Number of protein chains: 2
Amino acid sequence: MPDRTVPEVPLDRTSPVPLYFQVATRLQQLIEDGELPVGSRLENEVELAERLGVSRPTMRRAIAYLVERGMLVRRRGIGTQIVHPKVRRPVELTSLYDDLAKDGQSPRTEVLLLEVRRAPDHVAEALGVPGGLDITWIERLRFSGGEPLAIMHNAVPLDLLPLTEADLAERGLYELLRAAGHVPRMASQTVGAKAASATEARQLGDSRGAPMLTMVRTAWDEAGRAVEYGSHVYRASRYSFELTLTS
Amino acid sequence: MPDRTVPEVPLDRTSPVPLYFQVATRLQQLIEDGELPVGSRLENEVELAERLGVSRPTMRRAIAYLVERGMLVRRRGIGTQIVHPKVRRPVELTSLYDDLAKDGQSPRTEVLLLEVRRAPDHVAEALGVPGGLDITWIERLRFSGGEPLAIMHNAVPLDLLPLTEADLAERGLYELLRAAGHVPRMASQTVGAKAASATEARQLGDSRGAPMLTMVRTAWDEAGRAVEYGSHVYRASRYSFELTLTS
DNA sequence: TGACCACCTTTGTTAGAACAAAGTGTTGAC
DNA sequence: GTCAACACTTTGTTCTAACAAAGGTGGTCA
């Protein structure tokens, strides 16, 4: 496949958006739109930098950004190739509410319990706090399309934000956390399966022993502060996790 | 928390290992060992570069590497802080065999079926090939600690490598792929749950209807070529997925 | 013909330098 | 005493420059 000449990229040097990002964004768009087709090779970075009017480090940074996202592949002596037309993010750190809302499923939430209490040992440990931490403890039932989908148990450190039943009924926990300035940035999850207990079956309108997907998660914000512990149970017949992962 | 003086870092300028990586690795070690405790702040990058005897770009690259991995956090005007003592990789792209072997569980594999055939439609689609693709189709039973753990169905494009029953009994599929130069770099997974079918129950020595964790995956190599399709069923009582994810 | 070497292309690494932008803290005016 | 302006600290962006290393190609010589 022959080299592909990248069209002119409009640059705004007065903009607060960094040059490397302007270039990267434009390249990404060209690839997504198919103007730079999968399999084709880019010009070499020196020429490209010259033609677009940026320095080589800036050009390299833009390319590195797309390599990181899995759209481009580079090899010394060979060049830069387009290998995928869509961004391949590692994994999106989203909540169930976000996922459903994005799909236009209009989720509904029923708050079963909301109380302030001392964190149980296993929760305190998951949050990385020695003990004696005050948390808001929440139990919610999530519906989608009018059908129950999941039971969600969450703990949020009390000093992060005040949580009310009304807020939670209308918005997802992650949305509330973000609005309060505690953006989840990293999370550690364990995904497993189990048979529904009698209680779970009753709450979810499923039969006892029905297969359930379980997820236990701890999330941290940018500054490394634990913002959420969650232990959820999903009806396997109605939910599964999709992940894209990179080495 | 006061600034922390980073101890001297030994640099080998004749080594093929890049300087920024030597610095990053040493820093990572210091953090993991607790010599640079969580919450403490690093010296500013200019001073640090000077003291360690590298240029500022090199120092920045080393730090950026650790920021990317979630160990450090930087803020303009503030400095660089240690927020986590362990590397937080997005998600490791490993196979079940790798995971078990790493835990010292000495996995055993029984090859139930190995044949060359035309890819079924849903497999061809998952691999991103229009159709008419010849694949090696494999069905394996994976044991751990003498107990059956999972049933694994895989498809590997025939032209990638020849697979024999003997190879698969001794080594994991990913290990074989890597050895053949087809290193899996990206994968797309769907994780769900289901109740064991009669066949699955019999093969896994579990009861019919027992909860099972399911995983369907397509993996690509560095060049964007599909190298594997897999559809696996794990006994939920004996296995779960652990993931770390970043936004 | 075939193997090996030299050369070309392309990305990777490192350095030095200057200015911009974001936070923090301090000083001074009112 | 309060608040705004300013200075200082620290990271972020951008540029120029040079050399190293890896992959491919073509030519020479046996």
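Owing to the predicted nature of the structure, the values given are computational and were not obtained by experimental measurement. Reminder, nothing fancy here: chain letters follow the sequence lines and each chain counts from 1. Excluded from the calculations below are hydrogen atoms, water molecules and symmetry mates; all remaining heavy atoms, backbone and side chain alike, are included.
The aromatic ring centres of B:Tyr20 and B:Tyr65 sit 6.0 Å or more apart.
Using a 4.0 Å cut-off between charged nitrogen and carboxylate oxygen, A:Asp134 and A:Arg118 count as a salt-bridge pair.
Toward the 5′ end of DNA chain D lies the nearest nucleotide of B:Val46, the other residue of the pair A:Phe21 and B:Val46 mapping further downstream.
With sequence neighbours excluded, the residues forming a side-chain contact (heavy atoms from CB on, under 4.5 Å) with A:Ala49 are A:Val54, A:Met59, listed by chain and number.
Using a 4.0 Å heavy-atom criterion, one finds that A:Arg61 contacts the sugar-phosphate atoms exclusively.
In this structure, A:Leu48 places its CG atom 17 Å from P of C:dT9, rounding to the nearest Å. Atom C1' of nucleotide C:dT13 and atom CG of B:Asp12 are separated by 15 Å, given to the nearest angstrom. In this structure, B:Glu50 places its CD atom 13 Å from P of D:dT10, rounding to the nearest Å. Counting to the nearest Å, the P atom of D:dC15 and the CZ atom of A:Arg60 are 15 Å from each other. One atom, CD of B:Glu47, and another, P of D:dT9, lie 12 Å apart when rounded to the nearest Å. Rounded to whole Å, atom P of D:dC15 lies 14 Å from atom CD of A:Glu45. The nearest whole Å value for the distance from the CG atom in B:Asn44 to the P atom in D:dG12 is 12 Å. In this entry the distance linking CD1 of B:Ile63 with P of D:dT13 reads 14 Å, nearest Å.
Listed by first and then second residue, the salt bridge (Lys or Arg N to Asp or Glu O under 4.0 Å) pairs involving residues 55-66 of chain B are B:Glu45-B:Arg56, B:Glu45-B:Arg60 (not counting sequence neighbours).
A:Arg74 has a side-chain polar atom (N or O) that falls below the 4.0 Å cut-off from OP1 or OP2 of C:dG12. Proximity of B:Tyr20 to the phosphate of C:dT13: a side-chain N or O atom is located under 4.0 Å from OP1 or OP2.
Under the 3.5 Å distance criterion, the side-chain polar atoms of B:Gln22 are matched with a main-chain donor or acceptor of B:Asp12.
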query = What does nucleotides 15-25 of chain C look like as a protein-contact string, B for base, S for sugar-phosphate only, - for none, at under 4.0 angstrom between heavy atoms?
reply = BB-B--BBSS-
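Under 3.5 Å, the side chains of A:Arg142 and A:Thr109 contain a donor-acceptor pair of N or O atoms.
Within 6.0 Å of the CG atom in B:Asp33, the count of heavy atoms belonging to other residues, nucleotides or ligands exceeds 12.
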